[in-house]
Amino acid sequence: MRNSKLKVLIIDDDEDDFLITSDYLNEIEHVTIEVEHAPTYKTGVQFVNQWRHDLYIVDYMLGPRNGLELLAEVDAVQARLPIIMLTGTDDEKVDHAALD
């Protein structure tokens, strides 16, 4: 099978969660995954606005801001990017807001 390359940005202010997510991604076979880390909300927005990645993984809690705010800010520039939001909350309102 062909080995493809995927550029992934993980936006997460928790270093341990970033490392765990990176480890999971690196276990995927037949795909070379280049992972970059944005440890703050502000850095995450800057990276997303550069559109250099194939996939964006965004944590819900980003210090005083959150992933929903980041998604709204990215939507404001009409980016059409694949984004996955990770959250430890069990609040369905957050789930629905992220999907919207």
Side-chain angles (χ1 to χ4, degrees):
M1 186 173 263
R2 204 174 115 196
N3 190 4
S4 55
K5 185 175 184 178
L6 183 67
K7 290 180 161 187
V8 177
L9 176 67
I10 300 174
I11 305 170
D12 197 327
D13 61 347
D14 185 312
E15 180 82 17
D16 290 337
D17 288 346
F18 162 72
L19 293 172
I20 290 168
T21 305
S22 294
D23 287 344
Y24 282 133
L25 290 172
N26 288 320
E27 290 179 9
I28 298 172
E29 296 181 10
H30 308 295
V31 178
T32 301
I33 299 180
E34 181 181 307
V35 177
E36 194 166 358
H37 183 210
T40 66
Y41 177 96
K42 182 178 178 179
T43 305
V45 170
Q46 290 170 345
F47 281 159
V48 172
N49 285 333
Q50 294 173 9
W51 302 10
R52 299 182 328 198
H53 301 87
D54 301 305
L55 174 65
Y56 298 84
I57 299 176
V58 181
D59 187 31
Y60 175 66
M61 295 304 300
L62 296 169
R65 310 283 303 265
N66 66 53
L68 292 176
E69 292 172 299
L70 187 137
L71 292 178
E73 193 165 334
V74 170
D75 187 49
V77 296
Q78 297 181 359
R80 299 285 182 222
L81 306 168
I83 298 172
I84 297 171
M85 182 182 295
L86 301 178
T87 179
T89 69
D90 60 355
D91 185 346
E92 286 188 29
K93 291 178 185 176
V94 172
D95 298 342
H96 291 290
L99 290 171
D100 286 342

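All values below were derived from every heavy atom in this structure, side-chain atoms included, with hydrogens, water molecules and symmetry-related copies excluded. For this chain, numbers begin at 1 and follow the sequence in order.
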Asp13 side chain vs Gly63 backbone, donor-acceptor pair below 3.5 Å: yes

For the residue pair Leu70 and Val45, what are the closest heavy atoms and their distance? CD1-CG2, 3.8 Å

Looking at Asn66 and Tyr60, would you say the former's side chain and the latter's main chain have a donor-acceptor pair under 3.5 Å? no

How far does CD of Glu27 sit from CD1 of Ile33, to the nearest 0.5 angstrom? 10.5 Å

Could I get the full list of side-chain contact (heavy atoms from CB on, under 4.5 Å) partners for Leu19, not counting sequence neighbours? Glu15

For residues Arg65 and Glu73, report the shortest heavy-atom separation together with the two atoms involved. NH2-OE1, 4.1 Å

Hydrophobic cluster identity match, Ile28 and Tyr24, side-chain contacts under 4.5 Å: no

Once you round to the nearest 0.5 Å, how far does CG of Leu68 lie from CE of Met61? 10.0 Å

Are Val31 and Ile84 connected into the same hydrophobic cluster when the rule is that any two of I, L, V, M, F, W, Y join if their side-chain heavy atoms are below 4.5 Å apart? yes

Tell me, please, which residues at least two apart from Thr43 pass side-chain contact (heavy atoms from CB on, under 4.5 Å). Ala38, Pro39, Thr40, Phe47

If you measure from CG on Leu86 to CG on Asp17, what distance do you get to the nearest 0.5 Å? 8.5 Å

Which residue, Ile83, Leu9, Thr87, Asp12, forms the side-chain contact (heavy atoms from CB on, under 4.5 Å) with Val58? Ile83

Closest non-hydrogen contact found for Ser22 with Val35 is OG-CG1, 3.5 Å

Quick one: side chain to side chain donor-acceptor pair (under 3.5 Å) partners of Gln50, sequence neighbours excluded? Arg52

Residue pair Asp59 / Thr21, side-chain heavy-atom distance below 4.5 Å: no

Mind checking ring pair (Phe, Tyr, Trp, His ring centres under 6.0 Å) for Phe18 and listing every partner two or more places apart, or none if nothing turns up? His37

Mind checking whether Ile20 and Met85 sit in one hydrophobic cluster, side chains of I, L, V, M, F, W, Y counted as touching below 4.5 Å? no

